[in-house]
Amino acid sequence: MKHSEEKYADPPYPRDRRGRPDRFYRTLDRLVPALERLSAMIGPASDPTPVDRDLAVRVSRIDRPADGVAALTLEAAGGTPLPTWQPGCHVDVVLPSGLVRQYSLCGDPGDRARYRIAVRRIPGGRGSGEVHGLAEGARLTLRGPRNAFPFPRFERYLFVAGGIGITPILPMVRAAGRLGADFRLVYTGRSRASMPFLDEVAAVPAAGGGPGPRIEIRPDDEFGPPAAEDLVAGIAPGTAVYVCGPPPLIEGVRGALPDLPGLPLFWERFSPPPITDGAAFEVELARSGQVLRVPADRTALDVIAEVRPETPYSCRQGFCGTCRVRLLSGEADHRDRPTGGSSRREEIAICVSRSGGGRLRLDM
Ligand code: FES
């Protein structure tokens, strides 16, 4: 997932053109808890393979597919086959310092011998800086893969990738090409030199075979920044729209989608979502008694990390669970994406969640 410093995803269901969760997925969301309860009553049919298991891997190769981008090939330390994955999956990478970052898998899902991730170096970014300092032979720990950017079968696709955002999109485009699906890819970036995997993108066959006219490479220094309307021009009903890139690209595509039926929108961000409907509140760090004020335009994590720089976090978008702490008292406005095993009554994801009124007392 992150191909950039921090790789993030929004809630993993598509949105309609007004930004609301797609009705099908809303229904699914309601069904899943009931099915989970039923499953718990019945008991497991077989031992599930937990995605949180630690996978020891070795960096077998480092490439530089673009300016400021390192592509790491990772192989299982014991040579055993790696877990399967689908386009859109990411892994949690535990770096030697203990930092955890998410990066999209951008290699071949059919290759169980190796994974590939690509990371753009972000000035001042601790995670990306550490990745860029790794050497071939380095040992890392992975968790996952997980899928927060699902890629179900649709009749046709529009893919829009911005810079390092090509990483989750590339396996999707390859799969669409292999399946003979009707698709269009628009790949944008500052310049060709900054855009990784241009050669691999150009080699993707379009429906019917051969390099596709449906693949558009649009560096800003040649064409100017793309207008969002151009990115979605000619889109037909029944097209699944996938966007990965900086927030303005995602917002632009979202706002430019025409009012047509059946345009599910999936996106993945590089940075935390903007705070909406934020109000100031207080958090109390119970172990020290320190009380901090969280302004309306900042997150609790931002404020706490200033006085506790060691506070763990990763996605900063409420889906990985790294920043969750025990909530001792107070009413939370939970804005994270719940994952299995967590209790919303007892824990709070401080990267996105806020107070539902009054002070929050945290076990930290
Ligand atoms: S940092 Fe991932 S949920 Fe908060």
Side-chain angles (χ1 to χ4, degrees), residues 1-2 4-11 52 90 92-103 119 121-131 141 143-144 146 148 246-247 268-364:
M1 189 162 110
K2 245 148 39 103
S4 75
E5 150 73 318
E6 270 74 27
K7 174 63 172 241
Y8 318 107
D10 274 293
D52 279 333
H90 70 273
D92 296 349
V93 179
V94 185
L95 296 166
S97 68
L99 282 180
V100 181
R101 293 292 184 265
Q102 283 89 40
Y103 298 107
V119 181
R121 180 162 203 158
I122 304 297
R126 287 193 297 157
S128 64
E130 186 168 349
V131 169
T141 300
R143 295 183 193 130
R146 304 173 210 275
E268 194 162 55
R269 300 176 187 274
F270 296 168
S271 53
I275 296 170
T276 53
D277 303 326
F281 62 101
E282 287 182 343
V283 291
E284 178 182 340
L285 311 185
R287 294 180 207 170
S288 64
Q290 191 171 12
V291 175
L292 304 171
R293 184 174 182 279
V294 181
D297 61 349
R298 302 190 72 200
T299 67
L301 174 64
D302 290 340
V303 173
I304 293 169
E306 285 178 356
V307 297
R308 300 267 186 92
E310 73 285 3
T311 303
Y313 70 86
S314 185
C315 72
R316 295 188 296 159
Q317 297 187 53
F319 69 83
C320 76
T322 306
C323 70
R324 283 199 191 119
V325 296
R326 278 215 313 145
L327 177 62
L328 300 176
S329 64
E331 184 190 339
D333 170 10
H334 292 288
R335 299 186 177 193
D336 60 316
R337 178 80 179 157
T339 55
S342 71
S343 167
R344 287 194 141 194
R345 267 190 292 266
E346 296 173 2
E347 293 186 338
I348 179 171
I350 57 174
C351 66
V352 288
S353 299
R354 308 185 69 80
S355 166
R359 180 184 294 179
L360 301 178
R361 196 158 168 267
L362 307 177
D363 184 16
M364 62 186 305

Novice: When you look at R146 and D92, which way does the side-chain contact (heavy atoms from CB on, under 4.5 Å) test go after all the steps?
Specialist: CA-CA 8 Å; R146 304 173 210 275; D92 296 349; 2.7 Å; yes
Novice: To the nearest 0.5 Å, what is the distance between CZ (R308) and CG (L301)?
Specialist: 12.5 Å
Novice: Mind listing the closest non-hydrogen atom pair of F281 and G358 along with its distance?
Specialist: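 The answer is CB-O, 4.4 Å.
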Novice: Give the minimum heavy-atom separation between R121 and G129, together with the two atoms involved.
Specialist: NH2-CA, 3.9 Å
Novice: Using the test salt bridge (charged side-chain N to carboxylate O under 4.0 Å, His left out), find all partners of E306 that sit at least two apart in sequence or belong to another chain.
Specialist: R298
Novice: Hey, does the side chain of S353 reach the backbone of R335 with a donor-acceptor pair shorter than 3.5 angstrom?
Specialist: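 Yes: the side chain of S353 pairs with the backbone of R335.
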Novice: Taking C-beta and beyond as the side chain, do V131 and R101 meet within less than 4.5 Å on heavy atoms?
Specialist: no
Novice: Let me see the working for D333 and D277 under side-chain contact (heavy atoms from CB on, under 4.5 Å), right down to the final yes or no.
Specialist: CA-CA 11 Å; D333 170 10; D277 303 326; over 6 Å; no
Novice: Which heavy atom of A286 sits nearest to which heavy atom of L328, and what is that distance?
Specialist: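 Minimum heavy-atom separation between A286 and L328: CB-CD1, 3.5 Å.
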Novice: Do you know which two heavy atoms are closest between S128 and V119, and how far apart they sit?
Specialist: CB-CG1, 3.8 Å
Novice: Between CZ of R293 and CZ of R359, what distance do you get to the nearest 0.5 Å?
Specialist: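 Taking CZ in R293 and CZ in R359, the distance rounds to 12.5 Å.
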Novice: To the nearest 0.5 Å, how far apart are CG in L292 and CG in L285?
Specialist: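 Taking CG in L292 and CG in L285, the distance rounds to 5.0 Å.
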Novice: Tell me the closest heavy-atom pair linking G127 and L95, and the distance in Å.
Specialist: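 Where G127 meets L95 most closely, the heavy atoms are O-CD1, 3.8 Å.
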Novice: Hey, does V325 have a side-chain heavy atom less than 4.5 Å from the side chain of I348?
Specialist: yes
Novice: Say whether, by atom type as modelled, one donor and one acceptor occur between the side chain of Q102 and the main chain of H90 under 3.5 angstrom.
Specialist: no
Novice: Do side-chain atoms of T141 reach the backbone of V94 as a donor and acceptor pair under 3.5 angstrom?
Specialist: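 Not a single qualifying donor-acceptor pair exists.
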Novice: For the CG atom of L99 and the CZ atom of R126, what is their distance to the nearest 0.5 Å?
Specialist: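 Nearest 0.5 Å value for the CG-CZ distance: 4.5 Å.
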Novice: How about V303 and P295: do any of their side-chain heavy atoms sit closer than 4.5 Å?
Specialist: yes
Novice: Kindly compute the distance separating CD1 (I275) from CG (D297), expressed to the nearest 0.5 Å.
Specialist: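 CG of D297 is found 6.5 Å from CD1 of I275.
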Novice: Using the rule side-chain contact (heavy atoms from CB on, under 4.5 Å), only one of L362, D336, L327, V294 pairs with I350; which is it?
Specialist: L362
Novice: Quick check: do T299 and C351 have side-chain heavy atoms less than 4.5 Å from each other?
Specialist: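 A side-chain contact is absent here, since even the closest heavy-atom pair is not under 4.5 Å.
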